[in-house]
Amino acid sequence: MSGIETGLRLRGLSLRYGAREVLHDITLPCLRPGRVIALLGPNGAGKSSLLRSLAGLVPAQGELQLDGESLAAMSPMARAQRVGYMPQAMPEAIGLTVTETLLGTLRTDPRSAYTDESTLLHRIHALLARLDLLALASRPLSALSGGQRQIASLAQAMIREPRLLLLDEPTSALDLRHQVDVMSLVRSAAGDGRIVVVVLHDLALAARWADEVVVLHEGRLAACGAPQQVITAELLARVWRVRAIVKAEDRGLHIAIEGAHEAHRA
Amino acid sequence: MAEASPQAQGADIAELIGDLRRARLRRLRVIAVLAITLVLAMLADLATGSAGIAPPDILRALLMQDAVSNPVAAIVWQLRLPFALMAVLVGMALSLAGAEMQTILDNPLASPFTLGVSSAASLGAGLAMLLGTGIPGLPMDWLLPINTFVFAAGSVLLLQLVGNARQGSPQTLVLFGIALVFTFNALVALLQYLASADALQQFVFWSMGSLNRSSWPKLATLAAVIALVLPFSLRATWRLTLLRFGHERARTLGIDVNRLRLAALLRISLLAATAVAFVGTIGFVGLVGPHIARLLVGEDHRYFLPASLLTGGLLMSLAAIAAKLVVPGTVLPIGIVTALVGVPAFLWLILRRPQA
């Protein structure tokens, strides 16, 4: 593609809620397709706000372009076709099966509103097979466990095959095994040429699965780059105010937290 | 995640399609059973009454329609049939309105009356009955329903204005609705305090809900409203279904939630206001009808909305029969009976499948 920049371009992004500025002039190097980008930072740093701006849920100032097209200028449906969003949790008591959920998500997209059903079911089947969710396809969402529901929620965000996939703490309520399952699915979703931006709290998880990390602190960009370079004892002291020993390992980082950072102790 | 062999995948997709088809057939069967039960209930309603007419005579009267020379036909065509149809249509309108209300407010306790629709209707009716004020130039027979309708519909539009102005979440809307309920109730109480004893009695009877005011023109109006609204409801079924995942998720799926909600509120106000205008306030059906439908067919709105329509009609039809049987020789106001009939049915469904 000559002339058109592929990927997600984010420049001078700011967001205010009334008088409070939650994001201040965030500019990132272009986020490339095929990469998993972890969004890190302490509580209130603006991670979810940034993700919600990308999803179009809150109106942010600044430049946001996906493959050279301005996201803000798109119609809500055009944007929804390119950007898939997975919120922190899916409501528990929904009387729909996994298949029905995905079918409804496709049917509300004008591109597949009138496609014959068996074509759509083939697509659903392929995705469920990939997410290892076929055995649960005909179960109501209300009968799934928390981890299973998260994967169903991921399926809903992926079924329209968006270019940009936004995941807000997809692993927060999950046990270790499900965390690994979800993150390897996230990894493989990026493998299809998608850009995946995922909010994480667990730095080790980010170091293990992300290609790049973006660290936010008090609404500003604190650091950005490859996890091994960015996540350091110095960064943990400055942004999270904890003392830690960080060791690079084959696959990811070993992080041992020792305690609160002296200089920032109240 | 082991790679499945192509053959195994082929079998799997057949299973997926099979499961979906079976679930669909099951739901269509439930809807068919509901429809048949509704027709039977209506026939039973026609056959019940103080005149003691035998069922074959009623069937004959239905087919003949010769009301002048035949007293049975007169009773059937001028009393029982309009009452029975009104019960069914009112139940359908309130239950469909309740189903949409529960979805757009994301609240299983919502009903058409949650947000002050019935209180506003009472105020409109109160003004017409207790003070005789309303739109000038209308015959008294229509003043009451039209006044009621205007107030009920107005309260819903007021809600929408607030919801839009403040980017209202469902919770904001519910709280504002509750504030409306108290305001309207206070105004109604004020009217009652100032009213004459006669007018007060008339008003109290109205507020209990009664089919006594049924007539063919009113039936035609209510049927027309349902026929007008239903296609729009059915067109919105997928979008309403996705609203179950929360307003934010629906927005990120490209759904214009504000527009969907406004359209639903307009439909709800038309349905509920027309029903209340003709028969008075009848609670419960709009709350429980959708719950029963949900237990029976789930929340895919393509089935949930039609099923709600039928459960509402059925509940009201059964209530209409009970209203004639509870105290022999008297027809109780149907508003009193709906809860008495609905609660056992509701409890039975809840207790029957604890996991749902």
Side-chain angles (χ1 to χ4, degrees), chain A residues 52 54-57 74-81 83-87 89-91 93-101 103-110 113 117-118 121-122 124-126 128-132 134-135 137-143 153 156-157 160 162 166 181 184-185 188, chain B residues 1-6 8-24 27 103 106 108 167 235-260 290-291 293-304 355-356:
Chain A
R52 289 160 55 82
L54 292 175
L57 286 170
M74 288 180 194
S75 72
M77 186 47 85
R79 188 171 181 150
Q81 288 169 346
V83 183
Y85 173 75
M86 173 181 169
M90 191 184 248
I94 298 181
L96 288 171
T97 67
V98 177
T99 311
E100 288 166 348
T101 301
L103 195 58
T105 308
L106 287 173
R107 279 285 183 233
T108 44
D109 179 346
E117 194 174 80
S118 85
L121 287 173
H122 274 89
I124 291 169
H125 179 265
L128 292 180
R130 190 166 155 194
L131 302 186
D132 205 11
L134 268 180
S138 303
R139 292 254 195 103
L141 293 173
S142 54
S153 180
Q156 190 179 22
R160 287 181 182 176
L166 306 169
D181 284 351
S184 60
L185 292 171
S188 98
Chain B
M1 268 159 283
E3 282 292 316
S5 72
Q9 280 207 347
D12 276 342
I13 184 136
E15 204 176 307
L16 193 78
I17 293 172
D19 280 353
L20 198 65
R21 233 167 244 162
R22 267 190 299 281
R24 234 169 239 176
R27 287 174 187 148
T103 298
D106 194 12
Q167 277 291 313
R235 249 180 71 90
T237 46
W238 275 126
R239 278 170 291 151
L240 288 168
T241 303
L242 285 196
L243 211 52
R244 292 292 298 118
F245 291 90
H247 286 207
E248 289 213 327
R249 183 106 200 215
R251 278 173 62 201
T252 63
L253 292 171
I255 292 166
D256 187 340
V257 172
N258 273 338
R259 217 173 106 190
L260 183 64
H291 273 281
R294 195 178 286 119
L295 287 169
L296 292 173
V297 300
E299 289 191 288
D300 181 337
H301 282 53
R302 292 175 302 162
Y303 307 98
F304 173 51
Q355 85 282 4

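What's counted below: heavy atoms across the whole structure, side chains too, no hydrogens, waters or symmetry copies. The chains referred to below are lettered A, B, ... by the order of the sequence lines, with proteins before strands, and numbering in each begins at 1.
Within the 4.5 angstrom heavy-atom criterion, only side-chain atoms of B:Arg24, from C-beta onward, approach chain A. Within the 4.5 angstrom heavy-atom criterion, only side-chain atoms of A:Leu141, from C-beta onward, approach chain B. For chain B, the nearby parts of A:Gln156 are the backbone and the side chain; heavy atoms of each come within less than 4.5 Å.
Side chains of A:Ser153 and B:Arg249: a donor on one and an acceptor on the other come within 3.5 Å.
Heavy-atom pairs under 4.5 Å with chain B were tallied for A:Ala157, A:Ser138, A:Ala137; the largest tally goes to A:Ser138. Considering only heavy-atom pairs separated by less than 4.5 Å from chain A, the leading option among B:Ile255, B:Leu242, B:Thr237, B:Asp19 is B:Leu242.
Between B:Gly254 and A:Ala80, the closest heavy-atom pair is N-CB, 3.3 Å. The minimum heavy-atom distance linking A:Leu121 with B:Ile13 is given by the pair O-CD1, 3.7 Å. Closest approach of A:Leu57 and B:Arg251 over heavy atoms only: O-NH2, 3.1 Å.
The distance from atom CD of B:Glu299 to atom CG of A:Leu96, rounded to the nearest 0.5 Å, is 6.0 Å. Rounding to the nearest 0.5 Å gives a distance of 13.0 Å between CG of A:Asp109 and CH2 of B:Trp238. Once rounded to the nearest 0.5 Å, the distance linking OG of A:Ser118 with CG of B:Leu20 reads 11.5 Å. Taken from OG1 in B:Thr241 to CG in A:Leu103, the straight-line distance is 10.0 Å, to the nearest 0.5 Å.
Salt-bridge formation is detected for the pair B:Arg27/A:Glu100: a Lys NZ or Arg NE/NH1/NH2 atom is positioned less than 4.0 Å from an Asp or Glu carboxylate oxygen.
Using a 4.5 Å cut-off on side-chain heavy atoms (C-beta onward), A:Thr105 and B:Phe245 make no contact. Residues B:Leu253 and A:Arg160 form a side-chain contact, since some pair of their non-hydrogen atoms from C-beta on lies under 4.5 Å apart.
Without hydrogens or angle criteria, A:Arg79 side chain to B:Thr252 main chain gives no donor-acceptor distance under 3.5 Å.
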